[in-house]
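Structure record follows, encoded as structure tokens.
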Amino acid sequence: MEPILMKIYEYYTGEGRDMLLRAYDFAKNAHANQKRASGEPYFIHPCAVAEILVDLGLDTATIAGALLHDVIEDTPHTEEELRREFGDEVITLVSGVTKLDKIVFKSQEEEEAENFRKIFVAMAKDIRVIIIKLADRLHNMRSLNFLSEERQKKMAQETLDIYAPIAGRLGISQIKCELEDLCLKYLDPAAFEFLVENIHQKLEERNRFVDFVVEEINEILTESNIHGEVFGRPKHFYSIYKKMKEKDKTLDQIYDLTAVRVIVGTVDECYEVLGKIHKKWKPVPGRIKDYIATPKPNMYQSLHTTVVTNFGQPFEIQIRTEEMHRTAEYGIAAHWKYKENRAEESSLDQRIAWIREAMEWQGDLKDSKEFLDTVKGDLYSTELLVFTPQGKVISLPAQATPIDFAYAIHSEVGNHCTGAKVNGKIVPLGSTLEIGDVVEIITSPGSKGPSRDWLKLVKSSSAKAKIKAFFKKEMKDDNIRLGKTMLEEAAKRKGYSLGDLLTEDSFKKVSEKLAFAGMDEMFASVGYGSVTVSQVLFKLIDYYRKEVPQPLVRDEAYHGRIAKGAVTVNGMTGLLVSFAGCCSPVPGDDIVGFISRGRGVVIHRRDCPNMRNVEPERLQAAEWIAEEGGARFKAAIVVTASDQGAALAAISGSVAEMKLGITSINGRYDKNDCAIVDVTVNLTNTQDVEVLIKKIKSHSKIIDVRRSSN
């Protein structure tokens, strides 16, 4: 914990230092009795996060936010306490990083998506939120060895999917490269160990070669009277691993394990050095990249070239100015670390413009999973650089079309687009653009707007969102009618009436998740495709089944008749009772009666989750009684298997052997690629359920079988 104190005294003064010392003491006391998985004091973690950010040169508010970032989440202290002590700026940063632990989610995937959405919204307001989060994740990854293997892989995959790409998009290569290497260590430990061992074996030989190249380039600088710095930089393990995988090469075939960097004073000197290096060594065709004239979206600038020496060995050289080097290493953090040397304050706005734009066009994405997938699409998209007729560079995802280009220029250009020219020739709007194409969009004021078919053609998330926004705004009435019709037809196909499913209470439940202001907005959202029919309908049906229990029936011939005498409630028979669809009790289950409002007594299994928090006075003792005629009941079972085909075979075979009937069956895959099959079966008692579960479990590819109690 001492290094952070030393750095606070070294780098900060006056009121800023005083606040950091107060934040240090506050966090230390708040986490006093807590331990990490390693057994170390928990306070080591916020200190380490703060130290990473001090090294990046962040301001006092960010360092204070790092020291306090887990206080609200993991201690009894409240936001109000921190606000009184440290002010609004610090509490905004702390709140932005705090996880959503107090919200109940239906799935782990949904929780991760919603958590990420909150972070993304917060970082659109203040980019320092995600910088703290990246440092937090980096330290957690450094100490991942103390967690279980399952949690290691889960966290490493999440980091590789989300946090490393964000660090790359923000240009913070120090954090991005270390995160990727740590992820590789846990996701593919054998490959990581192979790279560490084999790269180290040839390290001395490679260093001699790099020293030779550095010496030769230094001679070029001296002869040209250019002051500069030349040094070798080993490629990080994950970039080598990725290249081997994508290009199907062995380690011996990867020649650029080390790159040589040349740092000079001006842009003109960059091009002069590039020319003289090409004069000395032959450049590899197609391997010269000018990121100075066409910077990457994260503002990265440099000249890249791969040349072949007189020994026939190729290697990569990167040439840049000192300021470009700072940006390449620190990315957006360079705004704080070197702000005294920056003439343009607008540079920060340029760097985070993509975040603000994303929040603007993703305002219509109500579903957090869709939001996460869309943002990841932007983070992962391969860069495609094309030009306007005026020479402006436009960055698009790989395989982008002229429609993507039109919407990248402006929403109105896209909405009124009627045609396109690429390199002077008219092409179809669905054509794939190539690097270096000059694209001209033909517009017409009389255009009625985009076609729905364009949603299938465009590749960029922003273009899709802007097209959907057009349909939402311009065709609201049509969308309301279309969305309502789509929901009615889908409900009918599943045997329901939309009028029965869509009540004031059920709409509130759907709106809690998808944030609709009213039913018309919900219909319109379905109509223009912002949400799918399934997203709305499944939630309505789920609510209907739980809140409106279906009557107990005795086979199809008795459909619609309420069973009498199947149970006693407080010792009485012949009562009007119904069975809850949420837990599907069958004879032999331990049951309880629940007095519903307006629907009589509803029978639940006693272990039904929905009975945990109900008022005790509404519960009534209930018991099964013998019935003549062998009444049939529905029981829901969940089967987990390594293969969906095996699960279906095991279920159908076991049900047929017991002469039972399947009333419904649905299959899906979870995030671990396990097959999950939900099946509802007609049977007579709980012994039937137990026998059926035992039979299904006996199959080799079945992982788990259990009664459903959702």
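None of these values were measured; they are calculated from a predicted model.
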* Pair S38, E40: side-chain N/O donor-acceptor within cut-off below 3.5 Å -> yes
* To do: Over all heavy atoms of both residues, which pair between I603 and A622 is shortest? Give the atoms and the distance, please.
  => CD1-CB, 4.2 Å
* Okay, side chain of Q152, backbone of L147: is any donor-acceptor separation there less than 3.5 Å? -> yes
* Structure fact -> Minimal heavy-atom distance between L68 and L82, with the atoms involved, is CB-CD2, 4.2 Å
* Main-chain N/O of K154 paired with Q157 side-chain donor or acceptor, under 3.5 Å -> no
* **Salt bridge flag under 4.0 Å for residues D520 and K484** => no
* To do: To the nearest 0.5 Å, tell me how far I91 CD1 sits from E81 CD.
  => 10.0 Å
* Asked: Any salt bridge between D136 and K133, counting N to O under 4.0 Å?
  -> yes
* For the pair S525 (side chain) and E521 (backbone), establish whether a donor and an acceptor sit closer than 3.5 Å, ignoring hydrogens and angles. => yes
* Asked: Any idea how H31 and Y42 line up, ring-wise: parallel (<30°), tilted (30 to 60°), or perpendicular (>60°)?
  -> tilted
* Report yes if the side chains of L502 and M522 come closer than 4.5 Å at any heavy-atom pair, otherwise no. => yes
* Structure fact -> On a heavy-atom basis, the closest approach of H69 and P46 is CE1-CA, 4.1 Å
* Any chance you could measure E79, atom CD, to T92, atom OG1, to the nearest 0.5 Å? => 9.0 Å
* Is K697 reaching over with its side chain to a backbone N or O of D704, donor-acceptor style, under 3.5 angstrom? -> no
* To do: For the pair R606 (side chain) and I591 (backbone), establish whether a donor and an acceptor sit closer than 3.5 Å, ignoring hydrogens and angles.
  => yes
* Asked: Is there a side-chain contact between Y186 and N145, using heavy atoms and a 4.5 Å cut-off?
  -> yes
* In Å and rounded to the nearest 0.5 Å, what is the NZ to CG distance from K185 to L144? -> 9.0 Å
* Look at the side chain of S652 and the backbone N and O of A649, then say whether any donor-acceptor pair between them is shorter than 3.5 Å. => yes
* Asked: Counting N and O atoms only, with roles assigned by atom type, does the side chain of Q620 sit under 3.5 Å from a partner on the main chain of G593, one being a donor and the other an acceptor?
  -> no
* Asked: Under a 4.0 Å N-O cut-off, is there an ion pair linking D590 with R605?
  -> no
* To do: Could you tell me whether R151 atom CZ has more than 12 heavy atoms of other residues or ligands within 6.0 Å of it?
  => no
* Asked: Of the non-hydrogen atoms in A647 and V639, which two are nearest, and what is the gap between them?
  -> CB-CG1, 4.4 Å
* Asked: Under a 4.5 Å cut-off applied to non-hydrogen side-chain atoms, are F594 and V601 in contact?
  -> no
* Pair K492 + E489, salt bridge at N-O below 4.0 Å -> no
* Classify the side-chain pair T503/S506 by whether it contains a donor and acceptor separated by less than 3.5 Å. => yes
* To do: For the pair S654 (side chain) and I651 (backbone), establish whether a donor and an acceptor sit closer than 3.5 Å, ignoring hydrogens and angles.
  => no
* Counting N and O atoms only, with roles assigned by atom type, does the side chain of E158 sit under 3.5 Å from a partner on the main chain of M155, one being a donor and the other an acceptor? -> no
* Asked: Hey, what's the ring geometry for F26 with H77, parallel, tilted or perpendicular (30° and 60° as the breaks)?
  -> tilted
* Structure fact -> One should read off an interatomic distance between L692 CG and E657 CD, to the nearest 0.5 angstrom, of 10.0 Å
* Looking at side-chain heavy atoms only, is the closest gap between V638 and V705 below 4.5 Å? -> no
* Is a donor on one side and an acceptor on the other found under 3.5 Å between the side chain of E73 and the backbone of S95? -> no
* To do: Not counting sequence neighbours, which residues clear salt bridge (Lys or Arg N to Asp or Glu O under 4.0 Å) with E690? List them please.
  => none
* **Side-chain heavy-atom pair R707, D589 within 4.5 angstrom cut-off** => yes
* Structure fact -> Between R36 and P41 the two heavy atoms that sit nearest each other are CG-O, 3.9 Å
* Asked: So, for A27 and F43, which heavy atoms are closest and what is the spacing to 0.1 Å?
  -> CB-CE1, 3.5 Å
